[in-house]
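Quick one: the structure is below, and I'll ask about it shortly.
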Amino acid sequence: MEKEIQSKIHKQYPFDEIEPKWRRYWAENDIYKTNLSRDDDKLYCLTMFIYPSGDKMHIGHWYNYGVTDSWARFKKLKGYNVFEPMGYDAFGLPAENFALKTGVHPAVSTKQNIDYIRQQLSTIGAMFDWSKELSTTDPEYYRWTQWIFIKLFEKGLAYRKTAPVNWCESCKTVLANEQVIDGHCERCDNEIIHRDLTQWFFKITDYADRLLAGHEKLDWPAKTIAMQQNWIGRSEGCEIIFREISTNTDIPVFTTRADTVFGVTYMVLAPEHPLVREITTPERKKDVDEYITFARKQSEIERTSTVKEKTGEFTGAYAENPLNGEKIPIWIADYVLLGYGTGAVMAVPGHDQRDFEFARKFDLPVREVIKPKNGEPAGDLSEAFTEYGEMINSGDYNGLTSEEGQKGIARYLESINRGEAKVNYRLRDWLISRQRYWGVPIPIVHCLNCGEVPVNEGNLPVLLPETDDFRPAGDGSSPLAKISDFVNTSCPKCGGDAKRETDTMDTFVDSTWYHLRYLDPKYDSGPFNPDLVDRWMPVDRYVGGSEHAVTHLMFARFINMFFYDIGMVKFEEPYPSLRHQGIITHQGAKMSKSRGNVVIPDDYIKIYGSDTFRMYMMFMGDYSEGGDWDDSGINGIHRFLGRVWRILEPHVNTLSHKEFPDFNKETLEGLDKDLYIQLNKTVKKFEEDFEAQKYNTAISAVMELVNSMYKSYEAGTATDVFYFAVKKLIWLLAPIAPHFAEELYHLAGFTGSIFETRFPDYDKDATIGDVITMVVQVNGKLRASLDVEIDIDQQAFEVLAMDNPSVQRHLEGKSIIKKIFISNKLLNIVVK
RNA sequence: GCGAGAGUGGCGGAAUUGGCAGACGCGCCGGACUUAGGAUCCGGUCCCUCCGGGGGUGGGGGUUCAAGUCCCCCCUUUCGCACCA
């Protein structure tokens with residue numbers, strides 16, 4: 001921001017004195033240090049903790065933390081015992097890449113980042129309970145991350161296998177499926193390739209059905225639930241075991257369309273399928289090998305593109321269809337994925353579009369075995385008929401519907417031991433190994449005699465060793481592999497020579513359980529304090545970005561279910577109530593360092609103050625929608641606070657000892673009555689809007705109230721009702737401009753903090769005025785609007801309406817057909 | 001390609017169940033105060049108008065006394081998924 005512009009902006013009130021003063025006061029008096037031993041009316045308000053990547057906190061963070069804090073402040077004023085912690089998800093690549101560039105050790109740069117971000121966070125003026133601050137890089141934290149790994153290992157839920165995995169050549173590490181976005185690395189946007197590596201996985205697939213079932217209990221955005229459902233991708237179908245003829249090997253396939261099994265004209269294996277080598281005939285070997293190399297070389301993007309032409313090779317082998325005994329050729333093609341189902345499919349070109357395209361390209365036969373219900377077979381298909389219908393050309397099954405056929409065929413296959421009904425998932429096990437330095441070491445020792453042995457719990461944490469060489473080898477081993485003091489150890493079981501695991505864990509493991517640790521981050525008898533967890537979990541409100549739908553949010557649910565299963569927690573879902581803040585873009589694009597469009601709030605806070613900035617974010621629009629950052633309106637909010645300051649500051653000094661009568665709308669008159677009614681309407685609307693996170697309209701209601709207070713004040717001397725409104729207004733401002741309200745509260749002579757008081761009740765009777773504006777329409781067009789007493793009856797209103805010259809003009813010479821009267825709204829006169 | 005959401009003034013955005021379209025704010029115009037306005041307070045601001053009115057919520061059709069809101073078709077756009085057998 002230009003200096004020149006800065007100097008032009010008029011400081012509306014002394015926020016630069018007020019804001020630091022009250023932040024200091026809140027900290028010194030432990031106003032936001034939550035009494036966790038008190039669990040009545042508890043409200044655990046959690047925002048996703050910050051990932052200190054070396055960048056400053058930007059507008060998006062503020063939008064999450066600042067606005068959610070306002071919601072939490074409102075809840076605190078409504079009597080809840082609010083716990084609002086903050087911490088740092090500080091392991092990960094950015095610190096390490098920074099180290100590679102500058103030579104500054106990640107531990108050092110991370111500490112610097114955290115110190116800077118802590119300072120930035122403090123300017124929000126949020127109710128963070130800093131006594132519960134934590135960082136995932138603290139050995140006392142990751143000790144327990146390792147402990148959780150060992151518990152999973154003991155239950156068989158952490159295991160190592162060799163598999164083709166996502167490899168980012170730029171980050172020189174593997175990635176989980178969840179971290180691959182459109183074939184590119186989530187972090188650096190580099191294209192992903194596949195490599196066969198031995199890696200650690202968490203067996204999240206065991207929890208697939210429970211993760212799905214749990215959705216029913218969740219108060220989450222429907223879209224987020226849908227994303228998880230799609231990601232898990234449960235699919236009901238049938239496994240059918242074909243037999244390769246020359247080697248007599250079973251090849252199971254998964255299909256959702258067992259009813260089309262008579263239409264199978266060939267079979268396709270994924271190029272990486274282990275059986276390919278065994279079944280390929282010598283004369284086909286050369287072509288098949290070439291194709292496998294070709295397929296493996298392709299990037300994820302090329303490989304999964306739906307628009308490219310089908311490719312494949314014939315293996316020379318044949319399989320037998322267990323239903324009709326037919327001999328069909330076995331092909332390999334990259335449109336079949338090793339990772340899904342059995343990595344092999346039965347091809348039904350007549351009823352699957354992909355198979356159809358493949359068959360046309362390679363001149364394989366197409367057979368029609370399903371015809372439309374109440375329709376005729378197409379004869380010559382121009383595309384696959386993929387809908388359900390009636391079975392034809394299917395032996396004994398002819399005439400059955402697809403649904404009946406699927407059941408019948410599954411039963412038959414089971415009876416001859418060649419298949420059964422089966423459920424498949426798209427979800428894969430969670431790959432948690434990373435070949436990077438700045439992460440939690442996996443607490444496993446490899447012993448020649450005993451195999452994989454977990455480190456004794458008493459020897460945790462396995463500390464991340466010191467080194468100056470963070471460069472990953474790029475051969476699939478981590479920088480830790482080069483540190484012989486770290487690698488060479490003895491087996492915890494047999495005491496013999498052994499080597500440590502050198503991979504570190506995905507940072508998403510760190511964040512699966514931080515909400516539990518927050519309650520007692522110094523607890524040292526376990527990962528979390530079970531007593532406090534019983535009292536305070538689950539989280540009552542969780543707010544963060546929707547980009548974590550199938551990563552953090554799913555992983556945390558999985559780990560929590562695991563805790564539940566081993567009796568560590570009493571609830572299955574850690575975050576029953578979730579909301580997302582919208583994304584704040586800038587210049588039409590998502591903020592990112594590479595685009596150079598990141599907006600840092602610090603300058604705005606210097607010029608306008610933290611309260612103005614917070615309110616502007618809330619006022620910008622719908623919270624869940626976000627929007628494009630445009631600072632042209634921020635001065636309007638600043639001006640509004642100035643306006644409030646100028647009408648409150650001169651009038652508050654007597655408030656703390658001022659006695660107000662019990663106002664009643666019946667005994668008030670004129671502007672006093674109007675103001676009193678508007679005040680109560682505003683309090684009511686403010687509460688309702690805040691509950692619904694409609695912050696923009698809550699603020700606009702307060703603006704309207706202030707406008708009326710100006711009118712009321714200018715119209716005469718300050719009345720009791722005016723002073724009453726002045727007082728209530730301080731509380732309406734408290735959640736949205738906390739420093740500002742605290743100052744006025746003290747100027748009014750009150751002591752303590754306003755956040756230890758209660759939000760005002762409203763007078764229900766006074767939320768409705770007794771005069772209302774009703775409209776008169778003729779043929780649906782507005783002809784008059786009349787101020788009338790509330791609940792006026794049709795007859796009385798018609799008399800007034802007919803008396804109106806504008807209405808009369810439009811009735812002249814017409815005959816009235818009917819009249820529609822909606823109480824307190826309108827009268828519509830239909831004429832001809 | 002499939003699925004979900006969105007489309008309202010110059011701009012951000014408001015509009016319970018269908019019932020005054022454009023709240024509130026920005027910007028702009030005018031007035032007051034003033035040496036001054038970049039501060040403040042007040043007023044105006046959807047478009048057209050012969051001042052009677054007429055038109056208007058992406059486009060087209062429909063239901064209704066009444067449609068931003070409901071139904072059908074189309075366009076644009078955001079997000080998610082995308083060879084998952």
Side-chain angles (χ1 to χ4, degrees), chain A residues 5 7-12 182 222-224 226-227 229-231 233-235 237-238 253-257 260 268 303-308 310 333-337 339-348 351-355 357-358 424-428 546-547 549-550 582-583 585 616 619-622 624-637 639-640 642-643 646 688 694 696-704 706-707 710-711 714 773-785 806 809-810 817-831:
Chain A
I5 298 171
S7 62
K8 279 187 182 175
I9 288 153
H10 180 83
K11 190 167 88 181
Q12 293 277 351
D182 289 334
K223 194 167 182 167
T224 308
M227 279 172 73
Q229 285 169 338
N230 289 340
W231 190 260
R234 185 189 150 96
S235 163
C238 186
V253 302
F254 175 76
T255 179
T256 54
R257 293 298 302 273
T260 64
V268 189
R303 176 78 187 258
T304 58
S305 164
T306 52
V307 290
K308 70 162 191 184
K310 296 275 179 289
D334 65 359
Y335 80 90
V336 174
L337 310 171
Y340 185 77
T342 63
V345 301
M346 60 179 217
V348 187
H351 304 284
D352 181 287
Q353 189 57 26
R354 296 153 302 184
D355 298 341
E357 286 164 17
F358 191 84
N424 237 307
Y425 300 92
R426 209 185 81 114
L427 181 70
R428 310 259 55 85
S546 59
E547 68 274 17
V550 294
I583 295 170
T585 55
Y616 183 57
F619 189 65
M620 274 173 34
D622 187 296
S624 61
E625 294 287 320
D628 202 51
W629 176 253
D630 171 9
D631 61 13
S632 65
I634 191 168
N635 200 38
I637 295 289
R639 204 146 60 195
F640 168 73
R643 208 168 140 76
R646 286 186 293 278
E688 288 166 355
K694 292 167 75 174
N696 51 341
T697 49
I699 291 172
S700 87
V702 178
M703 287 173 167
E704 287 179 87
V706 170
N707 290 344
Y710 265 83
K711 281 203 183 76
E714 307 246 323
T773 305
M774 285 183 66
V775 300
V776 186
Q777 298 177 334
V778 179
N779 284 351
K781 284 192 193 296
L782 179 72
R783 296 304 173 193
S785 67
S806 176
R809 192 161 47 232
H810 290 274
I817 295 168
K818 64 171 158 177
K819 294 179 235 171
I820 291 117
F821 180 80
I822 309 292
S823 182
N824 294 327
K825 296 260 183 191
L826 58 70
L827 173 71
N828 188 8
I829 304 166
V830 185
V831 298

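Note that the structure is predicted; figures quoted are calculated from it, not measured. Letters A, B, ... are given to chains in the order of the sequence lines, protein chains preceding strands, and every chain is numbered from 1.
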Kindly indicate whether the side chain of A:Ile637, heavy atoms from C-beta on, has any atom under 4.5 Å from the side chain of A:Met703.
yes

Taking every heavy atom of A:Arg234 against every heavy atom of A:Tyr425, the minimum-distance pair comes out as NH1-OH, 3.4 Å

Using Watson-Crick or G-U wobble geometry with both distances below 3.5 Å, tell me the partner of B:rG22, or none.
none

Go through the side-chain N and O atoms of A:Arg646 and A:Gln12 and say whether any donor and acceptor fall under 3.5 Å apart.
yes

For B:rA85, give its Watson-Crick or G-U wobble partner with both distances under 3.5 Å, or none.
none

Could you give the NE2-to-C1' distance, from A:His810 to B:rG52, as a whole number of Å?
8 Å

To the nearest Å, give me how far apart CG (A:Asn779) and C1' (B:rA66) are.
10 Å

Taking only N/O atoms, report every protein-nucleotides 76-80 of chain B pair under 3.5 Å with atom names and distance.
from	atom 1	to	atom 2	distance (Å)
B:rC79	O2'	A:Lys223	NZ	3.3
B:rC79	O2	A:Lys223	NZ	3.3

Side-chain N or O of A:Arg426 less than 4.0 angstrom from OP1 or OP2 on B:rA85?
no

With rounding to the closest Å, how many angstrom separate the C1' atoms on B:rA23 and B:rU57?
15 Å

Would you kindly give the CD-to-P distance between A:Glu714 and B:rU40, to the nearest whole Å?
14 Å

Does some side-chain heavy atom of A:Lys694 sit less than 4.5 Å from a side-chain heavy atom of A:Asn696?
yes

A:Val775 to A:Ser785 - nearest heavy-atom pair and separation:
CG1-CB, 3.8 Å

Contact class for A:Gly341 vs. all strands (heavy atom < 4.0 Å): base, sugar-phosphate, or nothing?
nothing

A:Lys310 NZ/CZ over A:Phe358 ring centroid, <6.0 Å and within 45° of normal
no

Just name whichever nucleotide pairs with B:rU63, Watson-Crick or G-U, keeping both distances under 3.5 Å, else none.
none

Contact class for A:Val336 (heavy atom, under 4.0 Å): base, sugar-phosphate, or nothing?
base

For B:rC79 versus B:rU40, give the span between their C1' atoms, rounded off to a whole number of Å.
45 Å

With syn defined as a glycosidic torsion within 90 degrees of 0 and anti otherwise, which applies to B:rG9?
syn

Only pairs with both distances under 3.5 Å count, Watson-Crick or wobble alike; so what is the partner of B:rA4 in this structure?
B:rU78

Given RNA chain B, 5'-ward residue of the pair A:Trp231 and A:Gln12, judged by closest heavy atom:
A:Gln12

Protein within reach of the bases, or only the backbone? For nucleotides 11-21 of chain B, mark each nucleotide 5' to 3' as B, S or -, using heavy atoms under 4.0 Å.
-BSSS-B-BB-

Using only heavy-atom distances, determine whether the side chains of A:Asn230 and A:Arg426 contain a donor-acceptor pair under 3.5 Å.
no

Do the side-chain N or O atoms of A:Arg646 get closer than 4.0 angstrom to the phosphate oxygens (OP1, OP2) of B:rC41?
yes

Who does B:rG38 pair with, Watson-Crick or G-U, both distances under 3.5 Å?
none

Out of B:rG43, B:rA85, B:rC24, minimum distance to the side chain of A:Glu704 belongs to B:rC24

Considering every strand shown, what is the Watson-Crick or G-U wobble mate of B:rU69 when both distances are under 3.5 Å?
none

For the side chain of A:Ser235, starting at C-beta, report the closest nucleotide among B:rG43, B:rA85, B:rA23.
B:rA85

Please report the distance separating the C1' of B:rU77 from the corresponding atom of B:rC33, rounded so that it comes out in whole Å.
48 Å

Whole angstrom is fine here: how far is it from CZ in A:Arg783 over to P in B:rG53?
7 Å

In whole Å, what separates the C1' atom of B:rG22 from that of B:rG10?
14 Å

With rounding to whole Å, what would you report as the distance between B:rC71 and B:rG19 at their P atoms?
15 Å

C1'-based separation of B:rG59 from B:rG7 [nearest Å]:
12 Å

Looking only at atom P, what distance separates B:rC11 and B:rC65, rounded to whole Å?
36 Å

Please report, rounded to the nearest Å, how far the C1' atom of B:rC26 is from the CZ atom of A:Arg639.
8 Å

Taking the side chain of A:Met703 as heavy atoms from C-beta outward, which of B:rA39, B:rG25, B:rC41 is closest to it?
B:rG25

I'd like to check A:Asn779 versus A:Val830 (side-chain heavy atoms, cut-off strictly below 4.5 Å). Are they in contact?
yes

Sticking with atom P, work out how far B:rG54 lies from B:rU78, rounded to a whole angstrom.
39 Å

How long is the line joining CG of A:Asn635 and P of B:rU40, in whole Å?
8 Å

Is the shortest side-chain N/O distance from A:Lys781 to OP1 or OP2 of B:rG55 below 4.0 Å?
yes

When the distance from OH of A:Tyr710 to C1' of B:rC41 is rounded to whole Å, what number comes out?
8 Å

Watson-Crick or G-U wobble partner for B:rG27, using a 3.5 Å limit on both distances?
B:rU45

Please give, in whole Å, the distance from B:rA39 P to A:Arg643 CZ?
14 Å

Nucleotide paired to B:rU17 in any strand shown, Watson-Crick or G-U, under 3.5 Å
none

Syn or anti for B:rG12? Use the chi torsion, O4'-C1'-N9-C4 for purines and O4'-C1'-N1-C2 for pyrimidines, with syn inside 90° of 0.
anti

